[in-house]
2 protein chains.
Amino acid sequence: MEKQPDRAEKYRRSVPSPTLEDVATRAGVSTATVSRCLNNPSKVAKTTRERVLEAVRTLGYAPNFGAQALAAKRTNTFGAIIPTMENAIFARGLQAFQEELQRNGITLLVASSSYTPELEEQQIRGLVARGADALLLIGHARAPQVYEFLDDRQVPYVITWTYEDFQSRISIGFDNRKAMKCLAERVISLGHRNIALITSQRKDNDRASHRCEGIQDAMALHGIDPEGLRIVETPYTISNGADAFASLMESDPRPTAVLCGNDVLAAGALLQARKMNLDVPGDVSITGFDDIEIAQIVTPALTTVHVPHREMGKGAARLLLGMRNGQMPTSSTELEAHVVLRDSLGPAPRM
Amino acid sequence: MEKQPDRAEKYRRSVPSPTLEDVATRAGVSTATVSRCLNNPSKVAKTTRERVLEAVRTLGYAPNFGAQALAAKRTNTFGAIIPTMENAIFARGLQAFQEELQRNGITLLVASSSYTPELEEQQIRGLVARGADALLLIGHARAPQVYEFLDDRQVPYVITWTYEDFQSRISIGFDNRKAMKCLAERVISLGHRNIALITSQRKDNDRASHRCEGIQDAMALHGIDPEGLRIVETPYTISNGADAFASLMESDPRPTAVLCGNDVLAAGALLQARKMNLDVPGDVSITGFDDIEIAQIVTPALTTVHVPHREMGKGAARLLLGMRNGQMPTSSTELEAHVVLRDSLGPAPRM
DNA sequence: GCAAGTAATGTAAGCGCTTGCATTACACGT
DNA sequence: ACGTGTAATGCAAGCGCTTACATTACTTGC
């Protein structure tokens, strides 16, 4: 019996992955039928289908990704570009995103941009080049040519970690400004008038800048000059948070409340407060933002803003899945973020 | 002037990505030359090369990933399968891994297995199917058919987060057993005799089981019956750590030292201790493992084992890069993990 | 000035899959 | 028994790239 001798000849170095053709031969059908069996089972007769699937199983066939992408012009791969993998900020949302994708048979590609616009653009182009069918992006702030590129290529994307109604781009997230304003009002209502903010770079980061504006909104609303808000910008690590807090505590007048742009910076501030023998919240109040795990772990537990991590991730996946099938959502969706009162915020100390 | 009218006809829906052929036409050369220009510049005359690169630039050409993968049989993509993205345990190492890959022009695909062997196998096959040139794996414990599969397909892989000399498989990491033994000896030398362990599932997890054995090694060495080690297994979350600690504190005799398989569980234990008004380390000592960020943040700061996250990530990348180019490393590499003494471990209380 | 070697480029055959269209098989009504 | 409609299948043309091999253009030594 002769058996595709040419093919057998070609591969010698290792056990070759079986191809569609191998499956077809074994099942006694054409490659077209096998392909349909896998992608469009309803178009194949039941008995044939069973025969084919049997062959697939015994051969351990798995489609060649490149070939499939090339022929079908889709990869069943979505991409996500997040600012950092170093800390847990985006982890939970990403996990939810990926779970939802997996449930729909699509694979996730993750890239991190290290909060650098140039790198982010490069990553976006890279992911599109490697066939990402859709993209998850964090925040709105990026160069217009990036959006042009995406629109030209008709790559669906959603923006998350923020919600802005007026944007034509679809987003799913919460209103950073409103959420921070809410927290700030709480702070102010406890008598704090000397307020400071430790934040990560606001340039190219709409989340950070909106949070800052939220505080100023609250101040204005309560008759405090928003210009009086002392702001320290520093990259996103615990020790930077600590340093920023230290410098703030040396200023005069000393703030009675130090709001932080995120929990990581707040944790650093808390650490430093302890080192300086300052009682929190007795001597100074500290708040965070994001409500990641560490917020509950630090002492005192951090008053912060809880963010709908998993809802954003899952929701973004749903949106993207829909968009890939041609259902363009008509509007962005706003999720709720809410203040979580724990122990690090208290009344302003009497002078 | 006629210009490939057929091609223009084919695409209408959106701006098509320029193809190799477009570049070739524009530069007045064949596609082969363009391809060589991009992948093997030395084989092309300087003047031609410049002309081609110019065309690439103005057209904004980027290679089609699928086509490239199909034709070249490599994707310049490495995969990593980690047990979880939910907490920071693997984040730092992964970040280092990806930075090193990026520096070498290769893209990282990340999948998480949720500590489930079946899911992990599926993810591995998935990543290979989509053309991963090499794989980063955590720990040795997995079904033999997985290794067979990888070997058959000649997919290079390295195991990390563990080091075992006797294994034929290449690994880069540290000796979990030795590291934990070292910590346990410290604990014992402080007078603790009643020791307990809170660990994640040890089945299918060699890191967890080796750490456990390390404690027992130390006990045996100091004349304590290793069977006396009380062990609670529980999944990997803060609240589980807290619950496990609570149940341990109810047992009789109460342990004076609770070692935890990782910092997350330890953080939970610490939290619970505070809730129960137990002084740490006055009433009970608690230790962690991994030295992730939270270890420094909790109160008291956690005595734990520092793990060479970034070295493992970067080293794994290097190894894999080499293997792809045919340099099979001859042996695994052992990195150092060391005990970090902070505040959560103290002398055993006098009975 | 010519053969011979080398460097630069072109030609074209796939890589493994999807899918529009053509073909075949089959059930049914008449 | 025959045409007709529909369901099932096969055929074959690409998808955009890489690369072995063929071809052409130059050098260079004699």
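Here is how names work: the chains are called A, B, and so on, in the same order as the sequence lines, proteins then strands, and each is numbered from 1. Computed from a predicted structure; not experimentally measured.
Put simply, B:T33 has a side-chain N or O that comes within less than 4.0 Å of OP1 or OP2 on C:dG10. Using a 4.0 Å cut-off, no side-chain N or O of A:N64 falls inside it from OP1 or OP2 of C:dC15. Remark: B:S30 is in phosphate contact with C:dG10, judged by side-chain N or O atoms under 4.0 Å from OP1 or OP2. In this model, the phosphate group of C:dT9 is approached by a side-chain N or O of B:T48 to a distance below 4.0 Å at OP1 or OP2.
Between the CG atom of A:L20 and the C1' atom of C:dT18 there is a distance of 9 Å, rounded to whole Å. Look at CG on A:N40: it is 8 Å from P on C:dT19, rounded to the nearest Å. Between the OH atom of B:Y61 and the C1' atom of D:dG16 there is a distance of 7 Å, given to the nearest Å. For the pair A:L38 CG and C:dG16 P, the computed distance is 16 Å after rounding to whole Å. Rounded to whole Å, atom P of D:dC15 lies 9 Å from atom CD of B:E21. Atom-to-atom, CD of B:Q68 to C1' of C:dC17 comes out at 18 Å; the value is rounded to the nearest Å. Atom CZ in A:R36 sits roughly 8 Å away from atom P in D:dG10 (whole-Å rounding). Computed from coordinates, the B:L70 CG to C:dG14 P distance equals 14 Å when rounded to whole Å.
Mapping A:G66 and A:R74 onto DNA chain C by nearest heavy atom places A:G66 closer to the 5' end of the strand. Toward the 5' end of DNA chain D, the nearer of the two residues A:T31 and B:V34, judged by each one's closest nucleotide, is A:T31.
By the salt bridge (Lys or Arg N to Asp or Glu O under 4.0 Å) test, A:R310 is found to be paired with A:E99, B:E86, residues two or more places apart in sequence or in another chain being considered.
Nearest heavy-atom pair across B:W161 and B:R207 is O-CG, 3.3 Å.
Of the candidates D:dT9, D:dC17, C:dG16, the closest approach to any side-chain atom of B:A71 belongs to D:dC17. Relative to the side chain of A:P63, the nucleotides C:dC17, D:dA20, D:dT18 differ in distance, and C:dC17 lies closest.
Atom NZ in B:K73 sits 7.5 Å away from atom CG in A:N64 (nearest 0.5 Å). How far CG of A:L135 is from CG of A:L320: 8.0 Å, rounded to the nearest 0.5 Å.
Within 4.0 Å (heavy atoms only), B:A32 reaches at least one base atom of the nucleic acid. A:F65 comes within 4.0 angstrom of nothing in the nucleic acid, heavy atoms only. Nucleic acid contact class of B:S35 (heavy atoms, under 4.0 Å, all strands): base.
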Review point. Would A:N104 and A:R318 satisfy side chain to side chain donor-acceptor pair (under 3.5 Å), going step by step from the backbone distance to the final call?
Key: CA-CA 10 Å; A:N104 288 272; A:R318 292 262 171 86; over 6 Å; no
